[in-house]
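Remarks on the structure that follows.
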Amino acid sequence: MTGAWIILAAYILDRLIGDPRWIPHPVIGMGKGISALERTIRKRVSSDQGLKRAGMLFPIVIAGGALVLTWGVLYILGLVHPVIAVIAEVVLIATTIASKGLKDAGMEVYRHLRERDWPAARRSLGMIVGRDTAHLDEPEVVRGTVETVAENIVDAIVSPLFYALIGGAPLAMAYRAVNTLDSMVGYKNEKYLHLGWASARLDDWANWIPARLTALLLITGAWFMRLNAKGAARMVRRDARLHPSPNSGFPESAVAGALGIRLGGHNVYHGVASFRAYMGDQTRLMEAEDIVRTTRLMFWSAGAFVLLCWLVTLGIWTAGGALLWK
């Protein structure tokens, strides 16, 4: 049952303190490693095919390095004292999740909207999305915030905890490296189309199961919160696969159905308009309170997943004990 306790402790630690700026975060080191590797590759490779082959080095070096380094640190700490290793594992897993940071980012936009400080709300949204926000009205600011919180329930909570359940801090840290790779080089533009393909594909694979699990958790959370759980399930079935990402449509469509709103639509990125498929039905206009509802759904889902981790671990522990007893 140690793994279940570690996951619970890591989640609680993140909920309480998040990622204090005065503590060096592993993602910063990953980012520096990715940038250094990219510079090295580009100095030596220029052809499209060469960049595509070299792109496979990112998952091997960065994600593989994160896994091995984390395992090595925990192994050495375990030789010093097992309790020190357990504490370190809790802290390391906590750095791979961002429930408090996600909530704080969403609620900052919400507070500005409540104060009717539209420029500040747009600026706060611009810190967490890639789209242009300078001219968005209130419903569009709400939409951007809700979509970001919903989508990142997978990346920032469920996926890292899912891999922590399977392989502890080493695998959770490897997942965070994969996710960081996708955010830095996984773009389908001229610069990274070939170099970042392997990182983008691996991120899609890594989130495939957690994204669909998150949709189920959000439907369950909607039922507990007395929102439209049936609508959430219906929108997941109808709209999830319309999203350009193979995974992001699942949490977004679940949230849209639960709240009775429509996500997706027209966005502008660096002055270029782009249309994203609609998720959900527009039964009403979006309002600032939808950010609060989405945040609560996020916490319900995260809590349900931590409970699920406990049940899975307990089931394995019980089954193992029964086999030994025989």
Side-chain angles (χ1 to χ4, degrees), residues 10 13-14 17-46 50-77 85 87-102 104-105 126-130 148 151-152 154-157 159-161 163-164 167-207 269-270:
L13 182 62
D14 177 71
I17 67 172
D19 297 314
R21 295 182 180 180
W22 53 273
I23 298 179
H25 199 282
V27 170
I28 297 175
M30 294 174 188
K32 292 180 179 179
I34 293 168
S35 297
L37 182 57
E38 180 180 355
R39 288 193 299 270
T40 301
I41 291 173
R42 291 193 184 278
K43 286 179 181 178
R44 293 165 171 78
V45 182
S46 58
L51 288 173
K52 193 168 186 178
R53 288 192 294 270
M56 291 187 286
L57 288 173
F58 282 109
I60 295 171
V61 174
I62 304 299
L67 188 150
V68 172
L69 181 61
T70 304
W71 180 87
V73 168
L74 292 176
Y75 178 78
I76 293 171
L77 292 177
I87 294 172
E89 186 156 23
V90 169
V91 173
L92 288 171
I93 293 174
T95 66
T96 68
I97 58 181
S99 60
K100 185 178 185 297
L102 192 55
D104 290 347
M127 298 296 291
I128 58 175
V129 299
T148 299
E151 179 180 355
N152 280 283
V154 179
D155 295 350
I157 303 174
S159 283
L161 289 180
Y163 288 105
L171 197 56
M173 199 63 70
Y175 166 77
R176 180 51 60 207
V178 169
N179 190 245
T180 304
L181 280 167
D182 183 63
S183 67
M184 291 185 65
V185 302
Y187 299 104
K188 295 180 180 179
N189 55 24
E190 185 177 352
K191 183 177 181 180
Y192 290 112
L193 180 63
H194 301 288
L195 185 62
W197 75 274
S199 298
R201 188 67 60 83
L202 182 58
D203 184 74
D204 289 341
W205 291 342
N207 286 310
Y269 298 92
H270 306 294

>> Given 3.5 Å as the limit, does a donor-acceptor pair link the side chain of Tyr163 with the main chain of Ala206, or not?
In response: yes
> For Lys52, does its backbone N or O pair with a side-chain atom of Trp197 as donor and acceptor, under 3.5 Å?
Replying inline: yes
Under 3.5 Å, side-chain donor or acceptor atoms of residues 32-41 against the rest of the protein: list the pairs with distances, not counting sequence neighbours.
| from | atom 1 | to | atom 2 | distance (Å) |
| --- | --- | --- | --- | --- |
| Ser35 | OG | Gly31 | O | 3.1 |
| Glu38 | OE1 | Tyr192 | OH | 3.3 |
| Glu38 | OE2 | Arg42 | NE | 3.0 |
| Glu38 | OE2 | Arg42 | NH2 | 3.4 |
| Glu38 | OE2 | Tyr192 | OH | 3.0 |
| Thr40 | OG1 | Ala36 | O | 3.0 |

> Can you list the steps and then say if Leu202 with Tyr175 is a side chain to side chain contact (heavy atoms under 4.5 Å, CB included)?
Replying inline: CA-CA 10 Å; Leu202 182 58; Tyr175 166 77; over 6 Å; no
Work out which heavy atom in [X] is nearest to a heavy atom in [Y]; give both atom names and the distance.
X	Y	result
Ala63	Ala177	CA-CB, 3.7 Å
Ser199	Val185	OG-CG2, 3.7 Å
Ile93	Ala10	CG2-CB, 3.6 Å
Leu74	Ala169	CD1-CB, 3.9 Å
Ala94	Asp19	O-OD1, 4.4 Å
Ala172	Pro160	CB-O, 3.7 Å

>> Applying side chain to side chain contact (heavy atoms under 4.5 Å, CB included) to Leu195 and Phe58, what does each step give before you reach the verdict?
In response: CA-CA 9 Å; Leu195 185 62; Phe58 282 109; 3.6 Å; yes
Rounded to the nearest 0.5 Å, what separation is found between the [atom1] atom of [X] and the [atom2] atom of [Y]?
X	Y	atom1	atom2	result
Asp182	Asp204	CG	CG	7.0 Å
Asn152	Ile128	CG	CD1	8.5 Å
Ile157	Asp14	CD1	CG	7.5 Å

>> Walk me through whether Asp203 and Leu181 qualify under side chain to side chain contact (heavy atoms under 4.5 Å, CB included).
In response: CA-CA 8 Å; Asp203 184 74; Leu181 280 167; over 6 Å; no
> Has Tyr75 got more than 12 heavy atoms of other residues, nucleotides or ligands less than 6.0 Å from its OH?
Replying inline: no
> Does some side-chain heavy atom of Pro170 sit less than 4.5 Å from a side-chain heavy atom of Leu67?
Replying inline: yes
> Partners of Ser159 by side-chain hydrogen bond (donor to acceptor under 3.5 Å, both in side chains), sequence neighbours excluded?
Replying inline: Asn207
>> Just to verify, what does Asp104 make a side-chain hydrogen bond (donor to acceptor under 3.5 Å, both in side chains) with, not counting sequence neighbours?
In response: Lys100
> Can Met30 and Met173 be said to form a side chain to side chain contact (heavy atoms under 4.5 Å, CB included), step by step?
Replying inline: CA-CA 10 Å; Met30 294 174 188; Met173 199 63 70; 3.5 Å; yes
